[in-house]
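These notes concern the structure reproduced below.
Below, each value reflects all heavy atoms present in this structure, side chains not excepted, and no hydrogens, waters or symmetry copies. Keep in mind the model is a prediction, meaning the values are calculated, not measured.
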Amino acid sequence: MAAQPEGRLDGVELLEGIDPGELRRLEQRCVWRRYASGEQILDRNSSSRDVFFVAQGRVQVVNFSLTGREVAYASVPAGGFFGELSAIDGEPRSASVVAGERCLLAALAPEVFNEVLLANPKIMNRVLLRLARIIRISNERIMDLSTLGAVQRVHMEILKMAKPDPLAAGSWVVYPLPTQSQIAGLASTTRETVARVISQLQASGIVKRKEKSLYIRDRARLEAVAARLGDEGTARAAE
C-alpha cells in the first residue's frame, strides 16, 4: 500500500479546479519535506529539476552578489510554487531558495509536472501568465537599477509594498513589515541604507513604525521625496 502524503495540495493556487481525485493522486507522487526557518532548500546551479509547492509556511527566492550580499527576488507564501523554470527547460537553477519560516513543501518530478501541464490547459495558462509576470518584474528591476540610486530604490520598495489600511480609510500600511535585510535585498542595497532611510522618514513624520507594521502617514510626501531623489540623480548624471 502506498504511503499517505504528509500534506495536502488543496490550497495551491496553481492547481485550483483540478479534479479532486487527480489532486489526491498527485499528492501521492510528491516527495514531502519539512524545513526549519533559515534552512536552505535549493542552491543555485543545483542539479534538482523538481517543482515545489508550498503547503505550509513561506520561502525566500534569493541570489548572492560576488561580494556575498544577498539579493531577494521573491517571497513565496503558502499556496505558491517555485522551480518551474528548471522543470520546463531542464537548465540549472537560476537562484537559491531558503525557508523564510518553518515550512512544508511538496516536490514534484519535472516529468510529472509536464504531464499535468499537458493534461490541464488552465494550469498551463497559469504558468504562462506567471512567466510573463516574471519577465515584466525583471524588466522593471533592470530599469530601476539602471536609473535609480540606492536611497530612491528603498523609497520605491516601500511604496510598492504599501497597501490600503483596512482599519483607516485613505491610509496606507506595510504589513507584515519585512526585515531591513529583506528590504535591502529587494532594493539591491545594504541593510544600513534601509535603516537610515526608515529612520529619516520617521523623523520627518512621513511614516510611523509600530511592531510589524509601517504606517504611511503621508503617501503624497513619500512619493514626492522619491521623485525629488530621482530628479537630483538625473541632474547629477547630466553634470
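- Within the structure, side chain to side chain donor-acceptor pair (under 3.5 Å) pairs that include any residue of residues 214-223 comprise R219-E223 (at least two apart or interchain).
- Qualifying side-chain contact (heavy atoms from CB on, under 4.5 Å) partners for Q202, counting only residues two or more places apart in sequence or in other chains: I198, V207, R209.
- Panel note: side chain N125, backbone P121; no donor-acceptor pair is recorded below 3.5 Å.
- When all heavy atoms are compared, the tightest approach of V61 to A95 is CG1-CB, 3.8 Å.
- No side-chain heavy atom of M156 sits under 4.5 Å from any side-chain heavy atom of E140.
- Hydrophobic clustering of Ile, Leu, Val, Met, Phe, Trp and Tyr side chains at less than 4.5 Å, counting indirect connections, unites M124 with L9.
- The minimum heavy-atom distance between A99 and A36, with the atom names listed, is CB-O, 3.2 Å.
- A salt bridge between R33 and E39 is absent, with no side-chain N of the basic residue lying under 4.0 Å from a carboxylate O of the acidic one.
- Side-chain contact check for L105 versus F82: some heavy-atom pair is nearer than 4.5 Å.
- Shortest non-hydrogen contact noted between G7 and L104 is CA-CD2, 4.1 Å.
- Among all heavy-atom pairs drawn from I216 and A162, the shortest one is CG1-CB, 4.0 Å.
- For N45, the side-chain hydrogen bond (donor to acceptor under 3.5 Å, both in side chains) test picks out no residue, with sequence neighbours left out.
- Under the rule for a salt bridge (charged side-chain N to carboxylate O under 4.0 Å, His left out), the partners of R130 that lie at least two apart in sequence or sit in another chain are E84.
- Here salt bridge (charged side-chain N to carboxylate O under 4.0 Å, His left out) pairs that include residues 188-205, with residues two or more places apart or in two chains, number zero.
- The CG atom of L14 sits 6.0 Å away from the CZ atom of F113 when rounded to the nearest 0.5 Å.
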* **Step-by-step side chain to side chain contact (heavy atoms under 4.5 Å, CB included) determination, V173 to K208** => CA-CA 9 Å; V173 63; K208 179 181 179 180; over 6 Å; no
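- Residues in residues 169-182 take part in no salt bridge (charged side-chain N to carboxylate O under 4.0 Å, His left out) pair, two or more places apart or across chains.
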* Run the numbers on T189 and V151 for side chain to side chain contact (heavy atoms under 4.5 Å, CB included), then give the verdict. => CA-CA 8 Å; T189 186; V151 172; over 6 Å; no
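- Checking side-chain atoms of S96 against main-chain N and O of R44 turns up a donor-acceptor pair under 3.5 Å.
- A donor-acceptor pair under 3.5 Å is formed between the side chain of N63 and the backbone N or O of S94.
- Residues G100 and S37 approach most closely at O-OG, 3.5 Å, considering heavy atoms.
- Distance alone, capped at 3.5 Å, is enough to place a donor-acceptor pair between the W32 side chain and the E27 backbone.
- Put simply, OG1 on T193 and CD1 on I183 are 12.0 Å apart, with the number rounded to the nearest 0.5 Å.
- Alongside V31, the hydrophobic cluster contains no other residue (criterion: ILVMFWY side chains under 4.5 Å).
- Summarising the geometry, atom CG belonging to D89 is positioned 8.0 Å from atom CZ belonging to R49; distances are rounded to the nearest 0.5 Å.
- The hydrophobic cluster containing I123 also contains L85, counting ILVMFWY residues as joined when their side-chain heavy atoms lie under 4.5 angstrom apart, directly or transitively.
- By the 4.5 Å heavy-atom criterion applied to side chains, V97 and Y35 are not counted as neighbours.
- If you check the side chains of S75 and Q60, you find a donor sitting under 3.5 Å from an acceptor.
- A salt bridge (charged side-chain N to carboxylate O under 4.0 Å, His left out) check over residues 97-111, counting only residues at least two apart or in different chains, returns the pairs R58-E101.
- In terms of the side-chain hydrogen bond (donor to acceptor under 3.5 Å, both in side chains) criterion, R25 has no residue partners (sequence neighbours excluded).
- In this structure K160 satisfies the side-chain contact (heavy atoms from CB on, under 4.5 Å) test together with D144, E157, sequence neighbours excluded.
- Remark: A168 engages D165, S171 in a side-chain contact (heavy atoms from CB on, under 4.5 Å) (not counting sequence neighbours).
- Across all their heavy atoms, R153 and L148 have their closest contact at NH1-O, 2.8 Å.
- Transitive grouping of hydrophobic side chains (ILVMFWY, heavy atoms separated by less than 4.5 Å) keeps I142 and L186 in distinct clusters.
- Taking the side chain as every heavy atom from C-beta outward, V112 and V51 never approach each other to under 4.5 Å.
- Side chains of I158 and H155 form no contact here, defined as non-hydrogen atoms less than 4.5 Å apart.
- Criterion: ILVMFWY side-chain heavy atoms under 4.5 Å apart, direct or through other members. Under it, L118 and I88 are part of a common hydrophobic cluster.
- Within a 6.0 Å sphere centred on CD of E16, other residues, nucleotides and ligands contribute 12 heavy atoms or fewer.
- Under a hydrophobic clustering in which Ile, Leu, Val, Met, Phe, Trp and Tyr are joined whenever their side-chain heavy atoms come within less than 4.5 Å, directly or via other members, W172 and L159 fall into the same cluster.
- Inter-residue side-chain proximity for L214 and M161 is flagged as unmet; no heavy-atom pair is nearer than 4.5 Å.
- A salt bridge does not link D19 to R24: none of the charged nitrogens lies less than 4.0 Å from a carboxylate oxygen.
- Looking only at side-chain heavy atoms (C-beta outward), F81 and L15 stay at 4.5 Å or farther from each other.
- Residues meeting the side-chain contact (heavy atoms from CB on, under 4.5 Å) test with S48, sequence neighbours left out: L42, S46, D50, F52, R93.
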* Check the pair T179 / V194 against side chain to side chain contact (heavy atoms under 4.5 Å, CB included), numbers first and verdict last. => CA-CA 10 Å; T179 66; V194 174; over 6 Å; no
